Number of protein chains: 6
Amino acid sequence: MTKPELLTTFIGLDKSYEDADIVVFGSPFDGTTSFRPGTRFASQAMRVDSYGLETYSPYLDRDLEDYNICDAGDLEFPVGNTQKVLNIIEEYSNEVIKDGKKPMMIGGEHLVSLAAIKAVYQNYNDMILLHFDAHTDLREEFMGDKLSHATVIRGAWEFLGDNRIYQFGIRSGLKEEFEWAKSHTSLRKFDCQGLDKAVAEIGDRPVYITIDLDILDPSIFPGTGTPEAGGITFKELMDAIKEFTKLNIVAADLVELSPHYDHSGVSTAVACKVLRELILSMVA
Amino acid sequence: MTKPELLTTFIGLDKSYEDADIVVFGSPFDGTTSFRPGTRFASQAMRVDSYGLETYSPYLDRDLEDYNICDAGDLEFPVGNTQKVLNIIEEYSNEVIKDGKKPMMIGGEHLVSLAAIKAVYQNYNDMILLHFDAHTDLREEFMGDKLSHATVIRGAWEFLGDNRIYQFGIRSGLKEEFEWAKSHTSLRKFDCQGLDKAVAEIGDRPVYITIDLDILDPSIFPGTGTPEAGGITFKELMDAIKEFTKLNIVAADLVELSPHYDHSGVSTAVACKVLRELILSMVA
Amino acid sequence: MTKPELLTTFIGLDKSYEDADIVVFGSPFDGTTSFRPGTRFASQAMRVDSYGLETYSPYLDRDLEDYNICDAGDLEFPVGNTQKVLNIIEEYSNEVIKDGKKPMMIGGEHLVSLAAIKAVYQNYNDMILLHFDAHTDLREEFMGDKLSHATVIRGAWEFLGDNRIYQFGIRSGLKEEFEWAKSHTSLRKFDCQGLDKAVAEIGDRPVYITIDLDILDPSIFPGTGTPEAGGITFKELMDAIKEFTKLNIVAADLVELSPHYDHSGVSTAVACKVLRELILSMVA
Amino acid sequence: MTKPELLTTFIGLDKSYEDADIVVFGSPFDGTTSFRPGTRFASQAMRVDSYGLETYSPYLDRDLEDYNICDAGDLEFPVGNTQKVLNIIEEYSNEVIKDGKKPMMIGGEHLVSLAAIKAVYQNYNDMILLHFDAHTDLREEFMGDKLSHATVIRGAWEFLGDNRIYQFGIRSGLKEEFEWAKSHTSLRKFDCQGLDKAVAEIGDRPVYITIDLDILDPSIFPGTGTPEAGGITFKELMDAIKEFTKLNIVAADLVELSPHYDHSGVSTAVACKVLRELILSMVA
Amino acid sequence: MTKPELLTTFIGLDKSYEDADIVVFGSPFDGTTSFRPGTRFASQAMRVDSYGLETYSPYLDRDLEDYNICDAGDLEFPVGNTQKVLNIIEEYSNEVIKDGKKPMMIGGEHLVSLAAIKAVYQNYNDMILLHFDAHTDLREEFMGDKLSHATVIRGAWEFLGDNRIYQFGIRSGLKEEFEWAKSHTSLRKFDCQGLDKAVAEIGDRPVYITIDLDILDPSIFPGTGTPEAGGITFKELMDAIKEFTKLNIVAADLVELSPHYDHSGVSTAVACKVLRELILSMVA
Amino acid sequence: MTKPELLTTFIGLDKSYEDADIVVFGSPFDGTTSFRPGTRFASQAMRVDSYGLETYSPYLDRDLEDYNICDAGDLEFPVGNTQKVLNIIEEYSNEVIKDGKKPMMIGGEHLVSLAAIKAVYQNYNDMILLHFDAHTDLREEFMGDKLSHATVIRGAWEFLGDNRIYQFGIRSGLKEEFEWAKSHTSLRKFDCQGLDKAVAEIGDRPVYITIDLDILDPSIFPGTGTPEAGGITFKELMDAIKEFTKLNIVAADLVELSPHYDHSGVSTAVACKVLRELILSMVA
């Protein structure tokens, strides 16, 4: 007899935490968003709409069903307290790593990455940060606060230091940020040229990949807080992800889907497919 | 430590099937919809958006947390085969009843009710059908088929017979349907007047309640296949549900939410609240 | 063999112009709209969505299929020339009346009514104007022009004179307009109270009915240029239309649906149903 | 010669701060919103769409142009720091009162009211709080925090004490909140019955009025964070506002419009009209 | 005198069936759609919005007005019976071909193509199938049924056999489908490279072209059931269509526009333009 | 103390008219639009959403804050009188030029350009017109009128004459328009190839640049009246704008954003960024 079932995980990922090599989880926080909020709804929307997605990738010729991946669900956060939220993410990311697994976090706004990067850094202090984004995110503070989506990479730099951060696709920021980057990060404007060279440089050092989905052109990804025309195409992002397969990725995140701003559902579908590919680029 | 969690059931209903007195499940089928489809997405949308709803009802002064209710998830159906879909629903509804529980089905289009009513009838052959709807649903066939959302109550009449069906809120149909109803059902046009009298007549006979949410005015419930102006208000529906508490309800359903047609989310929020109240009207 | 068919008229109205007693036509003009345009799309949207509507009215117990009604399509207008547009409407309305038929015009913005009223006045100079609207529409001029949606009833008064215009549902306007109305029209604020008395007064004089659909509350009719909270319910409008059956209606119009502002489709569905009822109130 | 102009204030209010008796200002904060954010966009959306609104009220027969009202614009807030935001609101509200004017604040989420009420209380310590809302807002804390939209009235009670708070329209909350209210506030469920009696009791004591627009039924006000079916109609709210004219209102606010959730624009239009009426109920 | 007109056909195509060389017709069926339905509304939406499109193509330097093309309208289907629907399409397509004309079908979901291809095969048994799509559509069965949008090309293969099917743009499917294709069809992943070579191979054999519009990137075509990022651009599709002019096309279809999922209207506008170009590539 | 502020100008441009070298102003007119209206809302929507945009351009490495630019607001127009509207624009543009400043106009529909071009021509009669658009706009008249969005470039040709107009990106029009262009303008179909050569030819002659934003592909710019698939990418437009820096631009405009047709806000964000770049290409 057919019995009802609860469809609850991303694309039907059904491994237990114990059996998993990669742990997907959501951090539904958008408390420092300055323009349009709503990234808190991203992980849940992706779970629901992943129903329309295949598990097999014709890009990488790999299938999610062949690997041990768990969707652990969403962290629950207190309201209105940014520091507590970051602590929760850091603590949980740390545990996942200690358990010998790779965290794969779904944002939320970009600030959530700071906590996960910190957890990775504590375990791999020679780590490299690969940053894909429309925005520099290099401000020292933003509207009076050091903890914000606009300061996240600068915040990571504070413990990583120079020569550890590669930025791609950047097309918006203060003039000062672009200037500052010249001596502290490797920043590529507009597109991902030079990624292959960076990958070669990095070799087998442990890598954290953070993808702010607004690196994509808003034509294909309108559902985000601050749409910035002039982004990369989906195919350019797939090409980048193919490069990832050469790296030793220890953790990753995907942030800034704000699903309610795209009624067509395309942005959520795009985020789902990028997540599939990103996971498949991380499997051993 | 805070750990992630999968939020998966309607309003957090967390009893097991075994412990449950009422079993909520979804029948995501819209294969005979003639105008705007999409009711297949109703149950999943309600689970996600029920996050915004309290478990306590100030209307009935009852709280979902005080009762044993399980959300079993959604039935999975074959595509393009209406009869098989109905068989699956009937079989599962039957099992729930045999297990001493009350089925509470979320549609899908109205045709799904036919299978559940049939299952109830097999177990309670003196059952009464209370039907709340904008449409008569009394056609013998519709566009060449006897199994359709427009024939569902006529289909139930075929085994229930005369004097067993009460219809309320009806404001659309063929002239012939309204004529036919005069000698076969108790049909109230436009509103729910006379429900108290019907409730008194019914006494403690087993009752199946089917609510096509398009009985509500489209001002409060635009997210449905065929919006019909002139419906009842939400308060009128709450008043009806208060009457339900006097009845011996053995099963119920809630159908015809098509969530993608209402981007404001109000229709889904309304459906969630009606479901909460309907469940609370069924508890012993 | 099943052959394809073009579905082209409102609710399948299929009488020829020659056989028709009532001639439905569209005047897709919104050139003087001051806030949100788009009423040019009303008549075509109503034709397409009337697919979801029955021909039988349970309100009036009449069926469109029992009467001779033709949908003649839409007038085509030059761009940017208000006076020419009005001339085209007046000329065509005049012809319909001369041919012994009743014009039933779908707007467009409210200014289109002025031309049709003028045509009726030329044929029935003892005519009465019944005006249902949220707005007074009594300005002498608006943003430098006498021909505007905000001046239409004042424009009709210029040839009709005092004691010929009844206004209902009015809830927005300049203070001066409300003052002016006191000595020139019969103006009822907010609702339709007193309509029965007006109907009795009018007796069998020829009546033109103009319904600006924004008389309805925006909860049920958001798809309009200037939504004004506090309107009448759909049921109140149906009650008014029942009164119309006692009148000698010689022409009517339905204006100010702007369908693109209501993605749920409810506003268009409402307009379709009001049109059905309005036509059925005009049949002999 | 016609020159361009910047349209910038609500409904064209053009008095200077110095000349004003009532000072309208926006507090675009939604940092503790638990479900759907976006109230940060309310005040700006209302300024833009107020273009479609008349200054004259046929409800109160008063015209905004006859009074001294200033729209001072929006406060600017730091991100991610709730307490600082509240301090800014309190400080500015206090200044407005000290300058002998009445603050009229546009939210933002409901928490912003707490700061303005506190400022009023410091100046009028015998003040009465009139609270219109769908939600109790009486929690002691919410998701680990005392400063939240769900605790705002409880927070006000902490300094106001018993017998100073009247609540109307309440239809959602924890059972415990409804219980607590019985001995601490005057809480009317579902509608505004008893407002006239409350107004009589209050007499000429200074009154702060806080209107959470979700008191309105979501049929007319879908554009809000947590739509709750079963609300009052716009006409019921107008009736309440007519009662306000008998009170000595010293300050007021209007909160919880989230304009991006209503693409029809109706919610913003409703908020604009309520603001017009609320202001007109406060003029001497 | 200007008289009203019914605008009813695609882009004003006004030839009679008898005079036509190409017969456009709609098959508004979406009964086996597994994710988001609504393609039933495609043909009617295209007729309405084709108003904004020119008849002249600057791509092909041809004008629709110079050829004999008829828009016959939509086939009407029974509800809930997939096989009957396919029979109706096959029978009508067959008649069009027997009458010496070329069928140009607008879907509906992709399954409708199966019936039309079958009709063409019966008349041209050396036919070649050119398939443009995001999806393989090569499953043997899908959710328990052999007749489904996911099996349509496999279904065509069953009578066409090997070496008769060219697939382009494919970027989603089961691993098994991609494997199967290797020995049975010519499948090009992601784009249309090799089309020129295929065209040369095909020579003057009769060709059926089926375009599932989801081959386009969802940036330009969000209005479809299962949006798949990574598709071809509109320009790539135009380049493909230019190649078509070298072929002996005997029939074609355009499927999977689901207009309600794109409120901007762009998807429908795109479909209209592709249809214009596709027709112009088929004229002798 | 933090005080409220009115945010009113595009991207915070705060120079006075007197101090400005470039004067931004809006012409919110859409009276001759033949398909979807709404460009009247463009300038105001751009002001509101420019909040999300940086003042610094990484494309041109220039910052708006380093130049003297004023946003003067919107011109106010009479309703329903196209000629008067054009007169107002011409007169104001003329004044701006006489005052030694450069007009930078935001439309409105494309017809508004005609008046501004005329004003520029009166001051610089050797001017060159650079026209970026999807449409030829070369009709002699359109639906009975010479003043229309479809005739605007033809209208400019009437006083400019041959060899003065360069058109790029054109992909829609009557066959006759393309023919006519061959001997009167320099027309490039589909893209902007040849712009560098044109720029070299033009040298330091005074140039007016008119950008109809529908030159962009509707994937990135759906919010326009007549979306035409096959347009240029945002990056191609940025490349064009970089060429502009070599020119002697004396005035420019940006037209045809219809913001209500794009609920994602992307079209408005795109228009804002193009405006930033266009202004920065005009600074000395």
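What you see is a predicted model, and the numbers here were worked out from it, not measured in a lab. Just so we're on the same page: letters track the sequence lines, and every chain starts at 1.
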Assess the side chains of A/Glu277 and A/Ser57: does a donor N or O sit below 3.5 Å from an acceptor N or O? yes
A/Phe244 and A/Phe132: ring pair (Phe, Tyr, Trp, His ring centres under 6.0 Å), yes or no, with the steps? CA-CA 12 Å; A/Phe244 296 173; A/Phe132 296 81; 5.4 Å; yes
B/Asn87 portion near chain A, given a 4.5 angstrom heavy-atom threshold: neither
Just checking, A/Arg40 and A/Phe29: is the charged tip under 6.0 Å from the six-membered ring centre and within 45° of the axis? no
Using a cut-off of under 4.5 Å for heavy-atom pairs, which of A/Gly265, A/Ser27, A/Gly73 has the most such pairs with chain B? A/Gly73
Tell me, for B/Tyr92 versus chain A, whether the close heavy atoms (under 4.5 Å) come from the side chain, the backbone, both or neither. both
Looking at A/Tyr67, is A/Lys15 sitting on its ring face, NZ or CZ under 6.0 Å from the six-membered ring centre and within 45 degrees of the normal? no
Quick one: what part of B/Gln44 sits under 4.5 Å from any heavy atom of chain A, side chain, backbone, both or neither? side chain
Taking atom types as modelled, find out whether A/Thr9 and A/Asp71 have a side-chain donor-acceptor pair closer than 3.5 angstrom. no
Which one of A/Thr2, A/Thr8, A/Asp74, A/Ile88 has the most heavy-atom pairs closer than 4.5 Å to chain B? A/Asp74
